[in-house]
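Down below is the structure, laid out as structure tokens.
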Amino acid sequence: MAVHSVSDVNRYLKDLLAGEPLLQGISVRGEISNFKQYPSGHCYFTLKDTNSALKCVMFRSRAQYLRFLPQNGMQVVAGGSIAVYERDGVYQLYVDRLLPEGTGDLALAFEQLKEKLAAEGLFDPARKQPLPAFPKKIGVVTSSAGAVLRDIYRVSKRRWPGIQLVLYPVQVQGEGAAEQIARGIDFFAEEYAVDVIIAGRGGGSMEDLWAFNEEPVVRAIAACPVPLISAVGHETDFTLADFAADVRAATPSQAAELAVPDRAEVMRQVENLTGQLTRQVQRELALRRQRLEGLLNSRVMREPQSMLAERRQRLDFLLAGLQRTAKAELQSKQHKLGLILNRLAAINPVAVMGRGYGIVTKQDKLVSSIQTVEIDDELQLTFTDGHVQAKVLAKIGKGDG
């Protein structure tokens, strides 16, 4: 019996499996487990069902085209070929394509990214900006070759001929489209000032519209400081750009209608406001005229002399009353003054001196007691008609007889 090396056996099995047509281009249904994506971009996972498990690998060259993020527990259909990994002697499925079962990969990718960005607050209504009422310049991010630009131009110029449209031409589908659209939005947000941005394209399949579902575009819209209208596809089409935009338009034509005021409607509003203002002014003038006529027909205007005579008579009455009050007040004050003078006269020392009394002073100080003078002191006696100089010869108290 021949003895073979491990390498010989694994190589034989590898060639054997590679030559089996059933195992080439095979599709396998199962549940993902142990999924891991390495920094290299290669993905390793296991497909399992109730009874068995199958190791799988999806190299970066294929994994980079995945529209969704594979997750453990997800039911998928993996397509590829089964071969032996010669080094470990393990057979595995080399995956070329991977689709979620029961839903398309685009629909799943849409929901996954929508949930992620919503959790970050990129779709929060509080972030929405109002559109300016009268923009002067509108930036348009779309293809230069499609009907979208013509529709936006036609509707905008019909509604407001003076509006200025600035195009940033981009690829709206295919590889690199999302990056171009994001750059166009950033251009108007940072380099070329406009009042409103319209970003969009015409209708198509979900895959055709996919550039407006990619993360760079959605983040550029959410971060844009300029009010932005998304106009992607037809009325029934929804993209993540619609959720992030300040306003969603069902069609590019409606985007132009939302962004640009209608000159005819504005003129009707101006005429309506002018009519209201005119009627208000007329009503106000009528009220003022009525008031003026009332004033002109009043007595003060018809009989001004009579009104003055009444006022003059009233003034005379007031003056007479004032004079009476002043006279009574003066008499009362004079009476009170007389009483005060009588009291002052009663206590006036001059009046007392007129009755034979005098004032005795010693060195200009009043002498009121014999205790303040001594024998031989010189005193001055003041009477109503003059002074007398005196000298103390003796001191006789009340008790001395």
With a sphere of 6.0 Å drawn around [atom1] of [X], does it hold more than 12 non-hydrogen atoms of other residues, nucleotides or ligands?
{"X": "Arg60", "atom1": "CZ", "answer": "no"}
{"X": "Glu265", "atom1": "CD", "answer": "yes"}
{"X": "Glu175", "atom1": "CD", "answer": "no"}
{"X": "Arg97", "atom1": "CZ", "answer": "yes"}
{"X": "Gln71", "atom1": "CD", "answer": "yes"}
{"X": "Lys128", "atom1": "NZ", "answer": "yes"}

Nearest heavy atoms of [X] and [Y], plus distance in Å:
{"X": "Cys43", "Y": "Ala63", "answer": "SG-CB, 3.9 Å"}
{"X": "Gly80", "Y": "Leu93", "answer": "C-CD1, 3.9 Å"}
{"X": "Leu393", "Y": "Ile375", "answer": "O-CD1, 3.7 Å"}
{"X": "Ala177", "Y": "Val172", "answer": "CB-C, 3.8 Å"}
{"X": "Thr251", "Y": "Ala231", "answer": "O-CB, 4.0 Å"}
{"X": "Ile197", "Y": "Ala189", "answer": "CD1-N, 4.5 Å"}

Test item: [X] and [Y] side chains (from C-beta on) under 4.5 Å apart, heavy atoms:
{"X": "Val196", "Y": "Pro132", "result": "yes"}
{"X": "Val28", "Y": "Val77", "result": "no"}
{"X": "Thr239", "Y": "Val218", "result": "no"}
{"X": "Leu149", "Y": "Leu167", "result": "yes"}
{"X": "Phe243", "Y": "Lys114", "result": "yes"}
{"X": "Phe45", "Y": "Val95", "result": "yes"}
{"X": "Ile152", "Y": "Ile198", "result": "yes"}
{"X": "Leu273", "Y": "Gln276", "result": "yes"}

Measuring from atom [atom1] of [X] to atom [atom2] of [Y], what distance do you get when rounded to the nearest 0.5 angstrom?
{"X": "Asp49", "Y": "Leu54", "atom1": "CG", "atom2": "CG", "answer": "9.5 Å"}
{"X": "Leu98", "Y": "Met58", "atom1": "CG", "atom2": "CE", "answer": "5.5 Å"}
{"X": "Phe188", "Y": "Lys137", "atom1": "CZ", "atom2": "NZ", "answer": "10.0 Å"}
{"X": "His387", "Y": "Gln389", "atom1": "NE2", "atom2": "CD", "answer": "9.0 Å"}
{"X": "Asn272", "Y": "Leu277", "atom1": "CG", "atom2": "CG", "answer": "11.5 Å"}
{"X": "Thr46", "Y": "Phe35", "atom1": "OG1", "atom2": "CZ", "answer": "11.5 Å"}

Flag, side chain of [X] to backbone of [Y], donor-acceptor distance under 3.5 Å:
{"X": "Lys55", "Y": "Tyr91", "value": "no"}
{"X": "Arg201", "Y": "Gly203", "value": "yes"}
{"X": "Lys157", "Y": "Pro161", "value": "yes"}
{"X": "Asn72", "Y": "Asn34", "value": "yes"}
{"X": "Lys395", "Y": "Val373", "value": "yes"}
{"X": "Thr142", "Y": "Gly200", "value": "yes"}
{"X": "Glu179", "Y": "Pro216", "value": "no"}
{"X": "Asp246", "Y": "Gln129", "value": "yes"}

field: Verdict with supporting geometry, Arg183 and Gln180, side-chain hydrogen bond (donor to acceptor under 3.5 Å, both in side chains)
entry: CA-CA 5 Å; Arg183 281 199 300 271; Gln180 290 186 28; 5.3 Å; no
salt_bridge([X], [Y]) N-O dist < 4.0 Å:
{"X": "Asp151", "Y": "Arg154", "value": "yes"}
{"X": "Arg268", "Y": "Glu271", "value": "no"}
{"X": "Arg288", "Y": "Glu284", "value": "yes"}

Going by atom type alone, with no hydrogens or angles, which donor-acceptor pairs under 3.5 Å involve a side-chain atom of residues 325-340 and a protein atom two or more places apart or on another chain?
| from | atom 1 | to | atom 2 | distance (Å) |
| --- | --- | --- | --- | --- |
| Thr325 | OG1 | Gly321 | O | 2.9 |

Which atom pairs, one a donor and one an acceptor, fall under 3.5 Å between side chains of residues 254-264 and the rest of the protein, sequence neighbours left out?
| from | atom 1 | to | atom 2 | distance (Å) |
| --- | --- | --- | --- | --- |
| Gln254 | OE1 | Ala250 | N | 2.5 |
| Asp262 | OD1 | Ala264 | N | 3.1 |

message: Run Gln313 and Phe317 through side-chain contact (heavy atoms from CB on, under 4.5 Å) and show every step you take.
response: CA-CA 6 Å; Gln313 183 178 4; Phe317 288 154; 3.6 Å; yes
Ring-face cation contact, Tyr38 with Lys36, 6.0 Å cut, 45° max: yes
task: State whether Tyr94 and Arg62 meet the cation-pi test: NZ (Lys) or CZ (Arg) under 6.0 Å from the six-membered ring centroid, and within 45° of the perpendicular axis.
output: no
query: In chain order, what residues pass the side chain to side chain donor-acceptor pair (under 3.5 Å) check against Ser156, with sequence neighbours excluded?
result: none
- request: Quick one: list whatever passes side chain to side chain donor-acceptor pair (under 3.5 Å) with Gln164, sequence neighbours left out.
  value: none
message: I'd like to know whether Val266 forms a side-chain contact (heavy atoms from CB on, under 4.5 Å) with Trp160, so could you lay out the CA-CA distance, the side-chain angles of the two residues, the decisive distance to 0.1 Å, and finally the verdict.
response: CA-CA 10 Å; Val266 172; Trp160 198 270; 4.0 Å; yes
- request: Take Val194 and Ile138 through the test side-chain contact (heavy atoms from CB on, under 4.5 Å) and record every step on the way to the result.
  value: CA-CA 6 Å; Val194 293; Ile138 296 178; 6.0 Å; no
task: Determine whether the side chains of Ser230 and Asp242 contain a donor N or O and an acceptor N or O closer than 3.5 Å.
output: yes
task: Please lay out, stage by stage, how Ile181 and Phe212 fare under the test side-chain contact (heavy atoms from CB on, under 4.5 Å).
output: CA-CA 8 Å; Ile181 295 167; Phe212 290 89; 3.6 Å; yes
- request: Check salt bridge (charged side-chain N to carboxylate O under 4.0 Å, His left out) between Arg159 and all other residues, then give those that pass, not counting sequence neighbours.
  value: none
Show which side-chain atoms of residues 115-125 pair as donor or acceptor with protein atoms under 3.5 Å away, not counting sequence neighbours.
| from | atom 1 | to | atom 2 | distance (Å) |
| --- | --- | --- | --- | --- |
| Lys116 | NZ | Glu215 | OE1 | 3.4 |
| Lys116 | NZ | Glu215 | OE2 | 3.2 |
| Glu120 | OE1 | Arg219 | NH1 | 2.9 |
| Glu120 | OE1 | Arg219 | NH2 | 3.0 |
| Glu120 | OE2 | Arg219 | NH2 | 2.9 |
| Asp124 | OD1 | Ala126 | N | 3.1 |

